[in-house]
Undergrad: 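One structure, as structure tokens, below. Some questions next.
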2 protein chains.
Amino acid sequence: MRDPAPVTSPDDIPFRARLAAAARQEQFLTVVSREEASARFRAAVPHAALPAETVPLADALGRVLAGDIASPIDVPPFDRALVDGFAVRAADTQGAGAAAPRRLRLNHEILACGVAPSLSVDAGTATPIATGGVIPRGADAVVMVEQTEFFEDALAIDLVQAARPGQFIGYAGSDMAAGETVLRKGLRITAREIGMLAACGLAAVPVVRRPRVSVLSTGDELVPAGAPLPPGGLYDSNGPIVAASVTENGGEAVRLGIVRDDAVALSAALAQALAETDVVVLSGGTSKGAGDVSHRILRELGPPGILVHGVALKPGKPLCLAVADGKAIVVLPGFPTSAMFTFHDLVVPLIRALAGLPPREDEAVQAVLPQRVASELGRTEFVMAALTRTPEGLAALPVSKGSGAVTAFSQADGFFAVPAARSGVEAGETVSVTRLGAGLRPPDLILIGSHCVGLDHVVGLLAERGVRTRTLWVGSAGGLAALQRGECDLAALHLLDPETGRYNAPFLAEGFSLVPGWGRLQGVVFRPGDPLFDGGDARAAVAAAVARPDAVMVNRNVGSGTRALVDGLLGAKRPAGFWNQPRSHNAVAAAVAQGRADWGVAIATVARAYGLGFLPLTQERYDFAHAEIARDKPAVAAFLAVLAEAPTRAALRGLGFAMEAAP
Amino acid sequence: MRDPAPVTSPDDIPFRARLAAAARQEQFLTVVSREEASARFRAAVPHAALPAETVPLADALGRVLAGDIASPIDVPPFDRALVDGFAVRAADTQGAGAAAPRRLRLNHEILACGVAPSLSVDAGTATPIATGGVIPRGADAVVMVEQTEFFEDALAIDLVQAARPGQFIGYAGSDMAAGETVLRKGLRITAREIGMLAACGLAAVPVVRRPRVSVLSTGDELVPAGAPLPPGGLYDSNGPIVAASVTENGGEAVRLGIVRDDAVALSAALAQALAETDVVVLSGGTSKGAGDVSHRILRELGPPGILVHGVALKPGKPLCLAVADGKAIVVLPGFPTSAMFTFHDLVVPLIRALAGLPPREDEAVQAVLPQRVASELGRTEFVMAALTRTPEGLAALPVSKGSGAVTAFSQADGFFAVPAARSGVEAGETVSVTRLGAGLRPPDLILIGSHCVGLDHVVGLLAERGVRTRTLWVGSAGGLAALQRGECDLAALHLLDPETGRYNAPFLAEGFSLVPGWGRLQGVVFRPGDPLFDGGDARAAVAAAVARPDAVMVNRNVGSGTRALVDGLLGAKRPAGFWNQPRSHNAVAAAVAQGRADWGVAIATVARAYGLGFLPLTQERYDFAHAEIARDKPAVAAFLAVLAEAPTRAALRGLGFAMEAAP
């Protein structure tokens with residue numbers, strides 16, 4: 001909500017009041033421990049399977065059996081032949097041999113599958129029978145057609161081998177006996193169980209009703225995917241990710257979309273959700289910021305109402321748990337990682353219990369932490385980690401993108417907890433990493449360092465050849481350090497050595513090799529048409545801009561190659577915007593494109609992507625390093641091969657990168 | 001097709017011709033190796049992802065990305081506040097401290113989420129901002145509201161701590177940069193990826209089209225679940241299990257139902273399937289038995305037509321692979337286990353390749369085989385196995401229910417192969433067991449031995465308490481042997497010692513204990529109203545029946561307790577049906593109920609379930625044995641506790657079992 005009134009107007013009163021209200025909201029958070037939050041939630045909301053419903057067998061895949069299943073029939077329903085041949089009396093075949101064949105007259109019926117026998121097998125006779133055919137009365141064995149001689153004219157067969165009683169007969173009920181419990185309550189139905197239920201003749205099965213879970217996103221800033229993004233707007237990712245997670249955990253997501261931070265709209269949506277579904281999950285609306293109204297709505301619910309607002313979890317502190325009409329209402333924090341941790345920690349167990357599913361079996365692995373992770377005393381802190389294999393075993397690399405990142409979950413293999421009683425975990429300590437999903441196959445190639453869109457292209461080519469790469473963008477120096485600790489196969493780097501003026505090679509320790517990548521053109525970026533820069537020389541234009549107090553720059557983080565360039569341009573000057581030091585070319589370009597800054601330094605490819613003007617400064621080298629002994633590792637060899645191929649190099653050139661002559 | 005003509009009629013000619021035709025069908029099988037079959041199939045049918053289609057994001061869960069996804073925008077789209085507080089210029093805060101607070105005037109706007117800033121943060125000013133709010137021009141840091149003092153009248157704040165440039169700012173593109181490849185082709189979309197795609201604003205994504213797979217079952221004997229079962233009829237289980245497996249492997253099953261063994265009907269169904277779907281899977285119709293027509297239809301297809309008919313696989317030999325219009329047609333064997341092995345071995349890889357999924361990652365474990373498994377030289381033999389934990393490690397117990405069994409797959413944890421070049425695997429050898437599914441949790445309790453419906457009830461009670469039991473019905477003696485080898489926790493047995501006349505206890509070795517189960521009443525079963533048995537004494541009635549040549553009995557397998565009873569009744573007599581020796585009470589009752597035999601011996605509970613008459617003979621003891629050292633194992637203790645409880649005993653009594661006074 002924009003406040004249109006100028007500072008000096010009498011409308012200062014509502015502005016003051018709103019500021020004061022924002023300050024007071026802090027009081028709503030009464031932080032309890034994770035254990036206390038969970039205990040209150042479980043006490044107030046039954047964590048038990050919903051009642052049964054009956055579904056057709058064809059719709060039962062993935063559902064949970066609501067009761068034991070006893071077979072209503074014998075399977076097979078009758079004694080049957082296990083081979084193609086003849087049903088005989090074993091006693092008639094005793095003493096048969098090559099020298100003394102036994103002749104049996106054929107009864108006048110052929111027992112194909114599905115044919116009910118009409119004739120007995122009397123002494124001295126046999127009846128032709130197909131695999132699966134019903135054993136006729138009198139017969140107690142089947143002889144294979146291959147072990148008989150057929151006399152068409154005499155309608156008889158000769159046997160040269162005695163048959164064992166019961167031979168090649170599958171008895172009624174030997175697979176499932178009538179009345180036998182064949183499947184148990186609580187089982188999740190897979191294809192295997194579908195087959196058993198079908199064989200029993202069951203066309204419908206009792207299954208636990210799926211919990212219906214309302215999913216609402218609240219926030220005036222949110223826009224649904226596909227709509228244009230207004231200034232300050234954000235695409236809603238919590239709604240879709242929560243809905244998909246509900247589905248993955250046996251629930252049925254009812255998507256109620258984005259609701260504005262408006263008490264009337266939110267009350268109406270909540271009433272609808274409570275009337276129509278079993279659980280309500282809102283996301284956003286629990287921070288202390290102005291404009292959040294969901295906690296106010298929840299305070300007006302009947303008892304027990306709000307159970308918890310504030311949990312000693314990081315990320316996830318502003319979580320709110322409430323109950324109305326016996327149904328759980330959960331308000332997740334708005335930031336994606338916070339939302340996902342709290343959802344998995346407290347909501348997933350409820351959904352699975354309602355769905356009749358057992359708790360998710362989180363597979364934990366032990367891994368060594370290569371760097372210290374600090375944590376605040378008094379709250380449980382979850383840290384996302386990527387697992388990599390080192391010569392000494394598994395290492396857990398913290399993936400620290402912040403609780404606002406939606407990518408953290410997909411770049412990590414799992415997470416570990418720093419207990420509330422500790423202020424951190426030291427480098428070299430072993431942590432227990434809870435894996436995010438069973439069956440996550442480790443990557444073939446791990447590449448850590450600096451990001452480049454050219455590298456995206458190369459990794460895509462590798463994927464087409466079946467090589468799966470994990471990339472972690474931690475910057476050049478971080479990549480090099482990870483490589484030297486044995487945590488990755490390749491480091492991507494563009495580090496300028498100020499003493500020699502050379503890129504990358506001066507930083508490599510013994511035992512490591514550099515693979516030439518490509519040159520990237522660095523330059524000054526600006527909005528097209530800005531008279532300060534248009535058409536001039538980069539250095540001259542920057543000097544002019546620095547002299548003007550109304551021109552705002554955007555810098556880069558210390559340690560990046562680009563920052564060294566910026567420092568060279570500025571000397572001792574500290575123009576407006578100097579302290580804005582983001583970590584990527586893209587962030588620089590975005591700041592300029594959106595008018596938050598007027599100029600910065602970034603690579604040409606990125607300038608082009610953002611439609612910015614560009615004045616060239618210098619070429620930098622973006623290269624790859626690997627341990628010499630890893631050169632022949634298949635995935636590394638595949639990377640080097642792809643990089644050397646002419647079509648790859650042509651494509652990179654097309655993206656605007658400077659390729660050396662082929663090595 | 002029943003042949004109505006009597007043996008002596010002139011219609012013998014068609015009967016003879018049909019017999020001769022059945023004999024000739026054998027020639028159709030030209031058996032090739034598994035490797036050769038796979039090579040021909042891969043050469044003739046492209047095993048590659050189908051073309052892309054675009055689906056809405058809400059329908060993308062579980063689908064496979066058809067191309068790399070580059071983010072079209074920066075995520076976040078702007079520099080934003082990571083906490084609730086005030087956007088400031090870090091330079092303004094330098095030197096602030098408790099003794100020297102810095103005062104900043106508030107700009108007249110509140111930057112809630114979704115609000116585009118209209119005012120710059122000039123020197124000496126600050127703008128209130130919520131978590132997620134857009135950083136205004138001029139600001140390069142955010143200070144937390146908790147670390148400020150707010151002066152409502154002055155519209156100003158005091159800071160007592162300096163702010164670092166960039167503090168609490170999340171930069172544009174720091175999560176996903178515009179143009180950055182964020183997801184790669186071939187990835188299966190989970191909730192995590194849904195979140196990333198939504199955050200990029202993508203409302204629709206390119207995914208690999210799902211292969212449409214026609215599923216037909218052929219056979220005159222087949223009946224769909226839910227329909228009444230005619231004599232000789234069988235419920236179709238292959239159709240449902242194949243359809244469910246297609247779904248599980250990324251395909252879309254198109255169920256064309258049951259087609260009769262009729263060339264016209266089958267041709268029509270096949271033409272429809274080829275026109276509308278990508279792959280055609282038939283089951284049944286490949287055995288050599290009379291009445292199978294599918295191979296005839298396939299021989300009439302244009303080239304290349306039939307690629308393979310007959311593979312050196314056990315089970316699965318009669319598999320048929322064909323191609324028409326560039327589409328694969330697979331005829332699976334009719335028996336369920338054969339159908340499933342061949343489907344998983346040859347069809348699943350095709351479906352996954354068409355769906356763009358990687359090969360299924362079969363997890364293999366090493367386990368010791370406790371008993372010899374024989375195998376035929378010259379063909380690869382697959383053996384289903386249940387895994388159990390022994391003191392020495394994992395053991396693989398073959399689950400040998402025969403290829404006709406639909407339960408084999410669900411009682412097994414996996415399977416191992418006996419190579420074509422070997423005639424078997426010896427006891428004590430280690431085999432590599434391919435697990436049937438990731439995440440199959442090993443059971444808490446393993447119980448092997450003789451089946452009883454009373455035990456079904458007890459196991460159900462355990463399941464309600466969270467104890468998962470695996471039961472394997474191998475008979476009393478087999479259960480006892482498994483217990484002594486350490487392969488199970490409990491053996492269920494009812495073995496009569498003929499010398500002492502006592503049940504079970506005499507068979508136990510030192511170190512094993514017997515837990516009293518219950519008494520089961522054995523008796524003679526017969527169809528109600530049969531004058532031979534109605535109302536008489538069991539022994540007298542059997543004596544009368546044995547004297548009549550038209551009265552057919554059904555026996556039991558040697559080694560079962562019931563067989564000892566039967567032997568006592570018959571003495572040296574061998575009446576008709578003596579050699580029919582099935583392995584279960586249910587099979588005996590089914591034979592009598594269906595008129596294949598007139599009498600047999602079975603327990604009262606089963607007689608009642610089949611609506612049979614019953615003349616009591618004797619009580620037998622059905623007990624449980626365990627190793628003495630295992631008594632305190634939690635799952636064993638839980639079993640013993642449930643068994644001893646009064647409600648359990650009352651329920652078993654209600655089922656007709658004789659319970660001793662509570663121990």
Side-chain angles (χ1 to χ4, degrees), chain A residues 7 61 68 74 84 90 108 112-114 116 130-131 134 137 140 165-166 170-173 175 177 179 181 184 191-192 194-195 198-199 201 203 220-221 225-226 231-232 235 237 240-241 244-245 287-291 404-406 409-410 438-439 456 460 463 579-582 586-587 590 609, chain B residues 7 61 68 74 84 90 108 112-114 116 130-131 134 140 165-166 170-173 175 177 179 181 184 191-192 194-195 198-199 201 203 220-221 225-226 231-232 235 237 240-241 244-245 287-291 404-406 409-410 438-439 456 460 463 579-582 586-587 590 596 609:
Chain A
V7 166
L61 188 66
D68 289 350
D74 279 317
D84 292 333
H108 196 272
C113 286
T131 304
V134 181
R137 184 177 168 104
D140 58 8
Y171 286 102
D175 198 2
T181 300
R184 296 205 179 277
R192 308 195 290 173
I194 294 279
D220 289 342
E221 76 280 22
Y235 286 115
S237 62
I241 199 173
S245 301
S287 90
K288 301 158 291 181
V406 71
F409 259 85
S410 73
D456 282 343
W579 295 106
N580 187 355
Q581 303 183 354
N586 294 69
Chain B
V7 167
L61 188 66
D68 290 351
D74 278 318
D84 292 333
H108 198 271
C113 286
T131 304
V134 180
D140 60 6
Y171 286 102
D175 197 3
T181 299
R184 299 208 177 274
R192 306 196 289 175
I194 293 280
D220 289 342
E221 76 281 20
Y235 286 115
S237 61
I241 198 172
S245 301
S287 91
K288 301 159 296 181
V406 70
F409 258 84
S410 73
D456 282 344
W579 295 106
N580 185 357
Q581 302 180 354
N586 293 69
R596 287 177 281 116

Undergrad: Give the member of Gly173(A), Ala172(A), Ala463(A) that has the highest number of heavy-atom pairs under 4.5 Å with chain B.
TA: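 Among the listed options, the one with the most contacts to chain B is Ala172(A).
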Undergrad: Who are the side chain to side chain donor-acceptor pair (under 3.5 Å) partners of Tyr235(A), not counting sequence neighbours?
TA: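 Tyr235(A) satisfies side chain to side chain donor-acceptor pair (under 3.5 Å) with no other residue.
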Undergrad: Which heavy atom of Asp74(B) sits nearest a heavy atom of Ala590(A), and at what distance?
TA: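 Between these two residues, the closest heavy atoms are OD2-CB, 3.2 Å.
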Undergrad: With chain B as the partner, which of Ser237(A), Ala244(A), Ala90(A), Ala191(A) has the greatest number of non-hydrogen pairs under 4.5 Å?
TA: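 If we count pairs closer than 4.5 Å to chain B, Ala191(A) comes out on top.
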Undergrad: Tell me every residue that passes side chain to side chain donor-acceptor pair (under 3.5 Å) with Arg137(A), counting only those two or more places apart in sequence or in another chain.
TA: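 Partners of Arg137(A) by the side chain to side chain donor-acceptor pair (under 3.5 Å) criterion, ordered by chain and then number, come out as Asp598(B).
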Undergrad: Let's test your reading of the structure: which of Leu61(A), Asp68(A), Ile194(A), Asp456(A) forms the most heavy-atom pairs below 4.5 Å with chain B?
TA: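 Looking at each of Leu61(A), Asp68(A), Ile194(A), Asp456(A) in turn, Asp456(A) comes out on top.
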Undergrad: Pick one of side chain, backbone, both or neither for Arg184(B), based on which atoms fall under 4.5 Å of a heavy atom in chain A.
TA: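 Just the side chain, heavy atoms under 4.5 Å.
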Undergrad: Can you say whether Ala609(A) sits under 4.5 Å from chain B via the side chain, the backbone, both, or neither, judging by heavy atoms?
TA: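 Neither part; nothing is under 4.5 Å.
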Undergrad: Find the one option among Pro240(A), Gly170(A), Gly166(A) whose heavy-atom pairs under 4.5 Å with chain B are most numerous.
TA: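 The candidate making the most pairs under 4.5 Å is Pro240(A).
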